[in-house]
Amino acid sequence: MVNQNKIREAVKLFLEGIGEEPEREGLAETPDRIARMCTEIFAGMEEDVSEHLSKTFVIENNEMVVEKDIVFYSVCEHHLLPFYGKAHIAYIPDGRVAGLSKLARTVEVYARRPQIQEQMTGQIAEAVMKYLKPQGVMVMVEAEHMCMTMRGVRKPGSKTTTVSSRGCFEGNSYLQSLFFQMIRER
């Protein structure tokens, strides 16, 4: 659970540490704003993805389902700077599907935690496999990392792409190619 009092104190110390005066007009309410913001952007720490993926529906065919361009915002656990982008999820059902919004909610649960993109990609794939029990799943995440664009190497516009596959997608170049083709279609 987010402890807003500790966050307020930490922000005051941080402001002092960079040479600012935490009580000046422009900064006086900043510790409270940051505490409220943390409750929102780290809400996934207290969510259980199973609540989103547990409701499924019977289907008659097992054709590939693709949900693409799921926009997300997360925070890099190494620098506490944002990374943001899009997630794409494909799965081949085994008689049951989830509501489409549930895939987007799954992305949100993992994105709203201090996180690294590589881990988040795998977590999404594992959750879909565990709770939907499909024949297979493939997840691709594309993101821009502020720790790369505003500090360090300073390369704005650079993107990181991660891919995770499970079940029938693993080692199946046809299914993988079909997934990549479907997410590239506009």
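Sequential numbering from 1 along the given sequence is applied to the chain's residues.
A donor-acceptor contact under 3.5 angstrom links the side chains of T162 and Q117, judged on distance only. Side-chain atoms of Q119 and E77 form no donor-acceptor pair, as typed in the model, at a separation below 3.5 Å.
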> Does the side chain to side chain contact (heavy atoms under 4.5 Å, CB included) test come out yes or no for I70 and I89, once each step is laid out?
Replying inline: CA-CA 9 Å; I70 302 167; I89 302 171; 4.1 Å; yes
>> Assess the residue pair M64 and L175 against the criterion (side chain to side chain contact (heavy atoms under 4.5 Å, CB included)); give the C-alpha distance rounded to whole Å, side-chain angles, the decisive distance to 0.1 Å, and a yes or no.
In response: CA-CA 9 Å; M64 186 185 303; L175 286 178; 3.9 Å; yes
> Passes side chain to side chain contact (heavy atoms under 4.5 Å, CB included), V128 versus Y131? Steps please.
Replying inline: CA-CA 6 Å; V128 171; Y131 296 106; over 6 Å; no
> Between V137 and I124, is a side chain to side chain contact (heavy atoms under 4.5 Å, CB included) present by the stated rule, with each step listed?
Replying inline: CA-CA 9 Å; V137 63; I124 294 165; over 6 Å; no
> Can you check salt bridge (charged side-chain N to carboxylate O under 4.0 Å, His left out) on R105 and E67, steps first, answer last?
Replying inline: CA-CA 12 Å; R105 290 183 191 283; E67 183 73 16; over 6 Å; no
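At distances below 3.5 Å, at least one donor-acceptor pair connects side-chain atoms of N62 with backbone N or O atoms of G95. Of the possible polar contacts, one joining the Q135 side chain to the P93 backbone as a donor-acceptor pair under 3.5 Å is found. Without hydrogens or angle criteria, E144 side chain to G157 main chain gives a donor-acceptor distance under 3.5 Å.
Counting heavy atoms from C-beta on, the side chains of V49 and Y110 come closer than 4.5 Å. Considering only heavy atoms from C-beta on, L81 stays 4.5 Å or farther from H145 through its side chain. The side-chain heavy atoms of C147 and H78, taken from C-beta on, include no pair separated by under 4.5 Å. Considering only heavy atoms from C-beta on, D69 comes within 4.5 Å of H88 through its side chain. Contact annotation: the side chain of R36 never approaches that of E40 to less than 4.5 Å [non-hydrogen atoms, C-beta and beyond]. Inter-residue side-chain proximity for I7 and M37 is flagged as unmet; no heavy-atom pair is nearer than 4.5 Å. In this structure, the side chains of E16 and P22 come closer than 4.5 Å at one or more pairs of heavy atoms. For the pair E21/L27, no side-chain contact is recorded, criterion being any heavy-atom separation below 4.5 Å from C-beta on.
Interatomic distance, NZ of K68 versus CE of M140, reported as 10.5 Å (0.5 Å rounding). With rounding to the nearest 0.5 Å, the separation of NZ in K86 from CZ in F72 is 11.0 Å. Note: M150 CE to R154 CZ = 9.5 Å, rounded to the nearest 0.5 Å. Note that NE2 of H52 and CD of E108 are 9.0 Å apart. Values are rounded to the nearest 0.5 Å. Considering OG1 of T30 and CD of E20, their distance stands at 9.0 Å, rounded to 0.5 Å. The structure places CD of E170 at 8.0 Å from OG of S164, a figure rounded to the nearest 0.5 Å.
Across all their heavy atoms, S74 and Q115 have their closest contact at OG-CB, 3.7 Å. The shortest heavy-atom contact between T149 and P156 is CG2-CA, 3.6 Å. Of all the heavy atoms in F83 and A143, the pair that sits closest is CD1-CB, 4.0 Å. Contact record, P114 with F42: CD-CD2, 3.6 Å, taken as the closest heavy-atom pair. Contact detail for K12 and P31: the closest heavy-atom pair is CG-CG, 3.7 Å.
A perpendicular orientation is assigned to the rings of F169 and F179, their planes being inclined by more than 60° (bins at 30° and 60°).
Linking ILVMFWY side-chain heavy atoms closer than 4.5 Å, directly or via other members, places I59 and L53 in a single hydrophobic cluster. Cluster annotation: M138 and Y174 are assigned to the same hydrophobic cluster (Ile/Leu/Val/Met/Phe/Trp/Tyr, side-chain heavy-atom contacts under 4.5 Å, transitive). A continuous path of Ile, Leu, Val, Met, Phe, Trp and Tyr side chains, each step under 4.5 Å between heavy atoms, connects M129 with V141, placing both in one hydrophobic cluster. Both V107 and V109 belong to a common hydrophobic cluster when Ile, Leu, Val, Met, Phe, Trp and Tyr are linked at side-chain heavy-atom distances under 4.5 angstrom. Each of I92 and L132 belongs to its own hydrophobic cluster when Ile, Leu, Val, Met, Phe, Trp and Tyr are linked at side-chain heavy-atom distances under 4.5 angstrom.
The number of heavy atoms from other shown groups lying within 6.0 Å of CE (M45) does not exceed 12. By the 6.0 Å contact criterion, CZ on F14 is open, its count of non-hydrogen atoms from other residues, nucleotides or ligands being 12 or less.
For the salt bridge (Lys or Arg N to Asp or Glu O under 4.0 Å) test, residues two or more places apart in sequence or in another chain that qualify with R8 are D32. Considering only residues two or more places apart in sequence or on other chains, E46 meets the side chain to side chain contact (heavy atoms under 4.5 Å, CB included) condition with M1.
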